[in-house]
Each structure stands twice: as structure tokens, then as C-alpha cells.
Amino acid sequence: GGLVTHPLVAGMLFTPVAPQSLSSRAVVLPAQSVIELEVRSSSVTITNRECMRLLQCGDRVRVEPSPNPVPTIARSSVHNDWLRDMQEKLLWNRPLGSGRRGP
């Protein structure tokens, strides 16, 4: 899992998919950040489930914001009810075994 982020936060979420150590953590970067990664060993990358490429040692991958950001859908008012909805859906701050059952 990645970070739980409020829908109004303008930022880039950068989450390691298969980290090899516990020190690899997801981070939130400013919305206009540009990240450049250098490949240390040959690997395959898959982006958006469409494009698959073999990367060689020394190749670089540049990640930058899209001019068309991903829209988010809020079930309720993101200004007033988002945190309450997250508490309800994720069962935050409830004793074990006290959650709802069923869908």
C-alpha cells in the first residue's frame, strides 16, 4: 500500500513497488517535481500496464508531472467529511474486532 492522501493535496506520490529494504518508503513530493532514476542493474519496467521495456545498467528514467493530472472522486465533501469517511472505511481508532461485517 501507499500513502493515504487528501484529495486536495497537490503533489506527486512516489511509492517503491517492490522495495528490497525496510528503509524504502513512499514519499510525497511537490507537484512540479522531476525525478531522475539511474538503473543499477538490468531490469524490466512496466508503466501504466501498457509499455514494457528492458532497462540496462546506466539507463536513466525521468518521471515528471503530467499536464493532465488524474482526477479523484470524493464520496462526500472533501472539505468537511473526508477524514470522517476515512475513519469509517478504514476502521481507524477502533478496537480490534469492533469493525463492521460485510460489504
Side-chain angles (χ1 to χ4, degrees):
L3 299 170
V4 177
T5 309
H6 191 280
L8 296 179
V9 171
M12 182 186 298
L13 304 177
F14 195 76
T15 306
V17 175
Q20 300 300 311
S21 73
L22 293 175
S23 62
S24 298
R25 300 280 189 238
V27 294
V28 179
L29 301 170
Q32 298 306 312
S33 294
V34 175
I35 302 167
E36 189 167 288
L37 305 169
E38 183 175 344
V39 178
R40 292 186 183 175
S41 62
S42 295
S43 63
V44 173
T45 183
I46 301 172
T47 57
N48 298 330
R49 298 182 183 188
E50 297 174 4
C51 178
M52 187 167 104
R53 296 179 188 234
L54 177 63
L55 300 175
Q56 301 296 330
C57 185
D59 286 349
R60 293 179 179 266
V61 176
R62 183 180 169 102
V63 181
E64 58 188 42
S66 168
N68 306 305
V70 175
T72 58
I73 299 171
R75 184 177 71 86
S76 59
S77 168
V78 293
H79 296 288
N80 301 321
D81 302 321
W82 182 82
L83 185 56
R84 187 188 72 227
D85 288 348
M86 296 304 293
Q87 289 172 331
E88 178 185 318
K89 297 294 181 195
L90 298 177
L91 305 176
W92 286 348
N93 299 321
R94 294 197 184 163
L96 290 175
S98 67
R100 293 178 296 139
R101 297 193 186 275

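Residue numbers count from 1 along this sequence. Only this structure's heavy atoms are used, side chains among them; waters, hydrogens and symmetry mates stay out.
- Qualifying side-chain hydrogen bond (donor to acceptor under 3.5 Å, both in side chains) partners for Glu64, counting only residues two or more places apart in sequence or in other chains: Arg62.
- For the pair Ala31 and Pro65, the tightest heavy-atom approach, listed with the atom from each and the gap, is O-CG, 3.2 Å.
- Between Ile35 and Leu37, the shortest heavy-atom contact is CG2-CD2, 3.9 Å.
- Of all the heavy atoms in Arg40 and Cys57, the pair that sits closest is O-SG, 3.2 Å.
- Across Ser33 and Met12, no two heavy atoms sit closer than the pair O-CE, 3.2 Å.
- Hydrophobic clustering (ILVMFWY, side-chain heavy atoms < 4.5 Å, transitive): Val9 and Val63 are in distinct clusters.
- Both Val39 and Phe14 are part of a single hydrophobic cluster, where members link through side-chain heavy atoms under 4.5 Å apart.
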